[in-house]
Amino acid sequence: MAEVKLHPDWLARIGGEFAQPYMAALKQFLADERAKGKTIYPRPRDWFAALDATPPDAVRVVILGQDPYHGPGQAHGLCFSVQPGVRLPPSLVNIYKELRSDLGIAPAPHGHLAHWARQGVLLLNNCLTVEAGQAASHQGKGWEKFTDAAVAAVAADPAPKVFILWGSHAQKKAANVPGLGAGSPHLILRAPHPSPLSAHNGFFGSRPFSQANAFLEAQGRGAIDWRLPDDPGA
């Protein structure tokens, strides 16, 4: 893991995970896969990009994804986000449709969601790597335990947050996290996944963006500016 970076505030909370046996096994698995010549997305320096972009004390919203996009040039460490110049994946197209319906925000000309991350939207995948062209290929290798620890650390902080859980995978992940059960100070929003296979079953019309902002403003934490700049680097 020497090639990656992680925000020091995250290291203070979950750095102990790197000393766990599962993380050593994960590190060996990734090294072996790369030694076999397999392409892994995203590039190593972006494996922890979601955590590095959004320090724990800055988190106001959590959106959980499954694993990185497995096509060339897509993944860069933030769930549902793609690098500038890359065609929008279908799920992100549907997220933009719901954003327009919910808040009247026109779709951005790109799919780079770093503007959200910089405002405290933690865009965290369940697995942080994937083999090129092989969806879900790194499931069960240890990433889930690491991201469970990250989600639990966020949930344990009593400052009110919004957890946006799209699809059964994200909902199952959050179901066993201490701090997200009865009496939680956080708002939990559940809806079907924005994939074209399920978006029409309740994702469209779920209004997660306006609900999140209403809750954050009521808690004195300020609204998220969901409008993405035309220039993804702005």
Side-chain angles (χ1 to χ4, degrees), residues 1-20 22-24 26-27 29-31 34 39-70 73-86 89 92 95 108 110-130 138 141-157 159 161-164 170 173-174 177 212 216 221-222 224-226 228-229 231-234:
M1 302 291 177
E3 297 177 71
V4 303
K5 63 178 182 176
L6 185 60
H7 194 284
D9 289 350
W10 279 112
L11 285 174
R13 287 167 172 77
I14 61 173
E17 297 300 311
F18 288 98
Q20 297 300 314
Y22 81 83
M23 189 58 82
L26 172 61
K27 180 180 179 180
F29 165 75
L30 293 169
R34 297 175 74 192
T39 299
I40 294 174
Y41 296 133
R43 57 190 177 182
R45 75 186 205 186
D46 289 334
W47 291 351
F48 298 98
L51 300 177
D52 199 54
T54 312
D57 289 342
V59 176
R60 292 188 285 161
V61 177
V62 178
I63 297 178
L64 298 178
Q66 192 160 344
D67 28 10
Y69 296 122
H70 54 81
Q74 292 180 308
H76 65 104
L78 307 183
C79 73
F80 294 106
S81 180
V82 291
Q83 301 199 66
V86 174
L92 186 54
I95 290 171
H110 59 83
H112 198 252
L113 306 181
H115 178 65
W116 294 358
R118 287 191 292 266
Q119 296 178 77
V121 181
L122 179 59
L123 298 166
L124 185 66
N125 276 312
N126 190 34
C127 291
L128 301 187
T129 59
V130 70
H138 289 184
K141 303 300 183 181
W143 280 128
E144 295 91 343
K145 292 182 180 180
F146 181 81
T147 54
D148 281 352
V151 174
V154 172
D157 180 351
K161 303 168 190 67
V162 181
F163 287 77
I164 297 177
K173 184 176 184 66
V177 173
L216 291 172
R221 302 212 64 197
I224 302 295
D225 176 14
W226 298 102
L228 294 167
D231 178 0

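Note that this is a predicted model, so its numbers are computed, not measured.
If you take CD1 on I14 and CG on L6, they are separated by 6.0 Å, rounding to the nearest 0.5 Å. Distance CG/D52 to CH2/W10: 11.0 Å, rounded to 0.5 Å. One finds the CG atom of L78 at 9.0 Å from the CG atom of L122 (value rounded to the nearest 0.5 Å). A distance of 9.5 Å separates OG1 in T54 from CG in L124, rounded to the nearest 0.5 Å. Rounded to the nearest 0.5 angstrom, F29 CZ and L26 CG are separated by 8.0 Å. In this structure, W47 CH2 and L128 CG are separated by 9.5 Å, a value rounded to the nearest 0.5 Å.
The heavy-atom pair separating V59 from R221 by the smallest distance is O-NH1, 3.3 Å. What you find for H138 and C127 is that their closest heavy atoms are O-SG, 3.7 Å. The two residues S81 and Y69 come nearest to each other via the heavy atoms O-CE1, 3.3 Å. Listed here is the closest heavy atom pair of G77 and P42: N-CG, 4.0 Å. The minimum heavy-atom distance between N126 and K173, with the atom names listed, is OD1-NZ, 2.5 Å. Nearest approach of D57 to R13, heavy atoms of both residues: OD1-NH2, 2.7 Å.
Side-chain contact between K161 and V61: absent, with no pair of heavy atoms (C-beta onward) separated by less than 4.5 Å. For the pair V82 and P89, the minimum side-chain heavy-atom distance is below 4.5 Å. The shortest distance between side-chain heavy atoms of F80 and I63 falls below 4.5 Å. No side-chain heavy atom of L228 sits under 4.5 Å from any side-chain heavy atom of H112. A 4.5 Å side-chain heavy-atom check between H76 and R43 finds every atom pair outside the cut-off.
When atom types are taken as modelled, the side chain of H110 and the backbone of P229 share a donor-acceptor pair closer than 3.5 angstrom. Listed for the Q74 side chain is no donor-acceptor partner under 3.5 Å among the backbone atoms of Q83.
A side-chain N or O of W143 and one of T129 form a donor-acceptor pair less than 3.5 Å apart.
Under the side chain to side chain donor-acceptor pair (under 3.5 Å) rule, Y22 has a single partner from K141, K145, E17, which is E17. For the side-chain contact (heavy atoms from CB on, under 4.5 Å) with R60, the lone residue among I224, V162, V121 that qualifies is I224.
Between F146 and F18, the ring centre distance stays below 6.0 Å. A centroid separation of 6.0 Å or more is found between the aromatic rings of F48 and H7.
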Passes side-chain contact (heavy atoms from CB on, under 4.5 Å), T147 versus N125? Steps please. CA-CA 8 Å; T147 54; N125 276 312; over 6 Å; no
Take W116 and D225 through the side-chain contact (heavy atoms from CB on, under 4.5 Å) test and state the conclusion after the steps. CA-CA 7 Å; W116 294 358; D225 176 14; over 6 Å; no
